[in-house]
Amino acid sequence: MLRVRFAPSPTGYLHVGGARTALFNWLLAQRQQGVFVLRIEDTDLERSSDEMVEGILDGLRWLGLDWHEGPAAGGPHAPYFQAQHLERHRAMAADLVRRGRAYACYCTPEEITAKRTAAEVAGGGWKYDRTCRRLSAEQIAAFNAEGRPHAVRFLVPDGTTRFDDLVHGPIEFDHANLDDFVILRSDGQPTYHLSVVSDDIEMQITHVIRGDDHISNTPKQILLYEAMDAPIPRFAHVPLILGPDKKRLSKRHGATSVMEYARQGYLPEAMVNFLSLLGWSPGSGDRELFTRDELAGVFDVSGINGGNAVFNQEKLDWFNQQHMMRLPIAELATRVKPWFEQAGLWRDDYSTSRREWFFAVLELLRPRAKRLDEFVPLGRFFFDDTLDFDERAVAKHLYPAGIGEVLQALLVALDHLPSYDPATLEVCVRGTADAHGLKASAFIHAVRVAVTGRTVSPGLFDVLSLLGRDRVRARLDVWARSAG
RNA sequence: GUCCCCAUCGUCCAGAGGCCUAGGACGUGGCCCUUUCAAGGCCAAAACCCGGGUUCGAAUCCCGGUGGGGACGCCA
């Protein structure tokens, strides 16, 4: 049974890079009918917070990436908070010492820092010089007697570690480039390497899918698995998401938290689709639009690319529009509702007696909107009778001589119309223009400005039809009197 | 500095030695549709980083260079 995990540290919100890593884990679990575990790596007490944990959970929920085991879901390894398994981590460190694979280090952080900076000044890299590996039994006894604190370091053996990365293929590290890393801090807190490996062993994780930035951590962790005689999982290192400047995506590139995209009016469906195709491809075939479940049906780690990918918001916009076009209209209505409420334009009858009307308006608006937040500004004149007139448009389209007269004629003609459907309205408007020797297009522009306040809108006849007799009459009436 | 990863249109991908006159998508430009704006349709410009090999044949394999990215913490 395949078991994967997403293990964020709650030191920030769920950003797009983490979201994609989570997505790949989720997709693989779905595809292989495995288990997706969510584990919060909160061992950095200083920077972790409950608020961030919630933020991450919210992000995952928004994307629809549900976890089988983890916070709120529970599971056989609960609690799924790393900091609550300190004792097991410490026990592993002790075990490693007992096995002769780790040793106490009495060097102080200050001493280490001094050596490291000295080496850097001298212009080279530095690795721990194993001072404490050479301590005599007497020295150790003396240090312990004086109560001197110690960290625990893993003893890196000579040799090389190689692993077959699922996205990069074989990768090899010479241990000469690894130093005896700390697994237990002098205050008794386990470090990242110890905690992850301990937890991944405990939770029987079979596939570790994580960011490329962890690739150089992998040999250290494999060494830990080996020292514990534990089965080593498969690794898949996913390339990073870059900003337009090819630098690692960060705050200065704008939105980086997935919930920020939610607030901006993006659909989770679009975000999932977009993210899935950033660095992954289903192979040959031109298809790009997928639902989350369709992706789960075809996803495979072998399709993950080795190179980093640049985040392209314009493509996200396109995915968003495509997914909005494909949403059942009732669903679109519920998605868009919060924006109407926020603008103070929501009315309850939009979901009851005027439901069909509301749907029809959305249908008109959606090919014109890239994001959910655009429905309000795009269709404001449908929901608010106080029009925001574009003065230049008024001057240009409503003041040419004679327009007022034609508008008056239209008003009368419209009142006698048996039906208010677009086709009938079109015949009426064009006929009125013709009868007065006015170009239909000029008249259409004039009517549009009179009725919407703007020069751009969905097709005028659809607009008139949906606005309805009373509102059209009221809006036209004003200009029939005052126009040119 | 050391180690690691990567390298096809501006961007995201396809391409797993001859199917490549290098394909698709976003974006860009043009045309069509059209009352405006979108959507939609059609067309166009746009790339195999460089140099060596291997091979009858290389975008595809190997080596080197260059470029980009990442990692080198008692952070995760």
Side-chain angles (χ1 to χ4, degrees), chain A residues 7-11 41-44 46-48 82 105 107-109 112-113 116 119-120 122-127 149-153 165 167-168 171-174 176-179 181-187 189-193 195-196 211-219 237 239-240 242 244 246-248 274 277-289 303 305-319 321 325 364-370 378 393 426 429-430 433 439-449 452 454-461:
Chain A
S9 63
T11 54
E41 308 217 322
D42 55 349
T43 53
D44 185 345
E46 302 288 308
R47 299 192 298 148
S48 298
Q82 194 162 62
C105 173
C107 298
T108 64
I112 299 292
T113 313
R116 198 194 320 276
E120 270 163 22
W126 184 81
K127 42 184 278 202
H150 67 271
V152 175
R153 286 181 184 273
D165 192 276
V167 350
H168 296 290
I171 298 180
E172 187 178 297
F173 284 89
D174 189 332
N177 297 309
L178 265 34
D179 71 349
F181 53 97
V182 171
I183 54 176
L184 202 61
R185 289 187 256 270
S186 48
D187 62 359
Q189 291 293 323
T191 65
Y192 166 69
H193 295 297
S195 308
V196 226
D212 238 1
D213 46 343
H214 283 290
I215 197 157
S216 53
N217 288 330
T218 308
H237 288 97
L240 272 18
L242 273 24
K246 300 274 182 95
K247 300 284 183 214
R248 209 176 159 158
F274 171 66
L277 262 28
L278 249 196
W280 173 78
S281 153
S284 52
D286 296 337
R287 182 129 101 107
E288 295 207 278
L289 287 165
N305 255 310
N308 295 341
V310 173
F311 188 92
N312 180 198
Q313 184 141 352
E314 284 168 330
K315 185 124 189 192
L316 208 211
D317 283 342
W318 178 76
F319 274 113
Q321 181 165 47
M325 293 290 270
L364 233 44
L365 262 22
R366 72 165 150 185
R368 297 170 169 82
K370 290 199 294 282
L378 241 28
E426 177 160 9
V429 171
R430 286 183 190 279
K439 271 182 68 184
S441 61
F443 191 49
I444 285 169
H445 284 128
V447 174
R448 169 180 291 111
V449 174
T452 72
R454 332 247 58 174
T455 56
V456 303
S457 80
L460 181 68
F461 310 114

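Keep in mind it's a predicted model, so treat the numbers as computed, not measured. Numbers restart at 1 for each chain; the letters A, B, ... are given by sequence-line order, proteins then strands.
- On the C1' atoms, B/A16 is 16 Å away from B/G23, given to the nearest whole Å.
- Across every strand in view, B/C72 sits in a pair with B/G1 that passes the Watson-Crick or G-U test at under 3.5 angstrom.
- Across all strands shown, A/Thr191 has heavy atoms under 4.0 Å from sugar-phosphate atoms exclusively, and none from any base.
- Reading RNA chain B from its 5' end, the first and the last nucleotide to sit under 4.0 Å from a heavy atom of chain A are B/G1 to B/A76.
- If you take atom C1' in B/C31 and the same atom in B/G65, they sit 46 Å apart, rounded to whole Å.
- Both distances falling under 3.5 Å, in either a Watson-Crick or a G-U wobble arrangement, occur for no nucleotide opposite B/A59.
- Residues A/Thr218 and A/His237 meet the side-chain proximity criterion, which asks for heavy atoms closer than 4.5 Å.
- Looking at which nucleotide of RNA chain B each of A/Glu426 and A/Cys107 is closest to, the 5′-most match is held by A/Glu426.
- In this structure, A/Lys370 contributes its side chain and A/Glu314 its backbone to no donor-acceptor pair below 3.5 Å.
- Counting non-hydrogen atoms under 4.0 angstrom, A/Leu278 reaches the backbone sugars and phosphates but no base.
- Taking 4.5 Å as the limit, every side-chain heavy atom of A/Glu41 sits out of range of all side-chain heavy atoms of A/Ser195.
- Side chain of A/Gln189 to backbone of A/Leu184: no donor-acceptor contact under 3.5 angstrom is found.
- B/C9: no Watson-Crick or G-U partner with both key distances under 3.5 Å is found in any strand.
- As judged by a 4.0 angstrom heavy-atom cut-off over every strand, A/Ser186 is placed among the base-contacting residues.
- Across all strands shown, A/Glu288 has heavy atoms under 4.0 Å from base atoms, whether or not it also approaches the sugar-phosphate.
- Residue contacts for A/Phe173: at a heavy-atom cut-off of 4.0 Å it reaches the sugar-phosphate backbone alone, with no base atom in range.
- Using a 4.0 Å heavy-atom criterion, one finds that A/Pro458 contacts the bases of the nucleic acid, with or without backbone contacts as well.
- B/G68 sits 14 Å from B/U11 when the P atoms are compared, rounded to a whole Å.
- When the P atom is compared between B/G10 and B/C6, the two are found 22 Å apart, to the nearest whole Å.
- A/Arg116 comes within contact range of the sugar-phosphate backbone alone, with a heavy-atom separation under 4.0 Å but no base atom that close.
- A/Phe311 places a side-chain heavy atom less than 4.5 Å from the side chain of A/Phe274.
- Within the 4.0 angstrom heavy-atom criterion, only backbone atoms of the sugar-phosphate kind lie near A/Gln321; the bases stay farther away.
- Nucleotide B/U35 forms no Watson-Crick or G-U wobble pair with any nucleotide shown, as no partner meets the under 3.5 Å limit on both distances.
- In this structure, A/Arg248 reaches the sugar-phosphate backbone alone: every heavy-atom distance under 4.0 Å involves primed, P, OP1 or OP2 atoms, never a base.
- Residue contacts shown for A/Thr43 are limited to sugar-phosphate atoms, with no base heavy atom under 4.0 Å away.
- Among the atoms of the strands shown, only primed sugar atoms or phosphate atoms (P, OP1, OP2) are found under 4.0 Å from some heavy atom of A/Lys247.
- When heavy atoms are screened at a 4.0 angstrom cut-off, A/Asn305 is found touching the sugar-phosphate backbone but no base atom.
- With C1' as the reference atom, B/C50 and B/A58 are 16 Å apart, rounded to whole Å.
- A distance of about 25 Å separates the C1' atoms of B/C43 and B/U36, rounded to the whole Å.
- Within the 4.0 angstrom heavy-atom criterion, no nucleotide atom of any strand lies near A/Gly211.
- If you check every strand for non-hydrogen atoms under 4.0 Å, A/Ala309 touches sugar and phosphate atoms only.
- Closest of all the heavy-atom pairs between A/Phe461 and A/Ile444 is CZ-CD1, 3.8 Å.
- Nucleotide B/G17: unpaired (no Watson-Crick or G-U wobble partner with both distances less than 3.5 Å).
- Residues A/Asp213 and A/Arg248 have side chains in contact (heavy-atom distance under 4.5 Å, counting atoms from C-beta outward).
- Pairing partner, B/U28: B/A44, with both Watson-Crick or wobble hydrogen-bond distances short of 3.5 Å.
- In this structure A/Asn177 satisfies the side-chain contact (heavy atoms from CB on, under 4.5 Å) test together with A/Asp174, sequence neighbours excluded.
- The separation of B/G40 from B/A76, taken at their P atoms, amounts to 48 Å, rounded to a whole angstrom.
- Comparing the same atom, C1', in B/C20 and in B/A47 gives a spacing of 13 Å after rounding to whole Å.
- If you find the closest nucleotide of RNA chain B to A/His214 and to A/Trp280, the one lying nearer the 5' end belongs to A/Trp280.
- Using a 4.5 Å heavy-atom threshold, the side chains of A/Ser9 and A/Asp44 count as separate.
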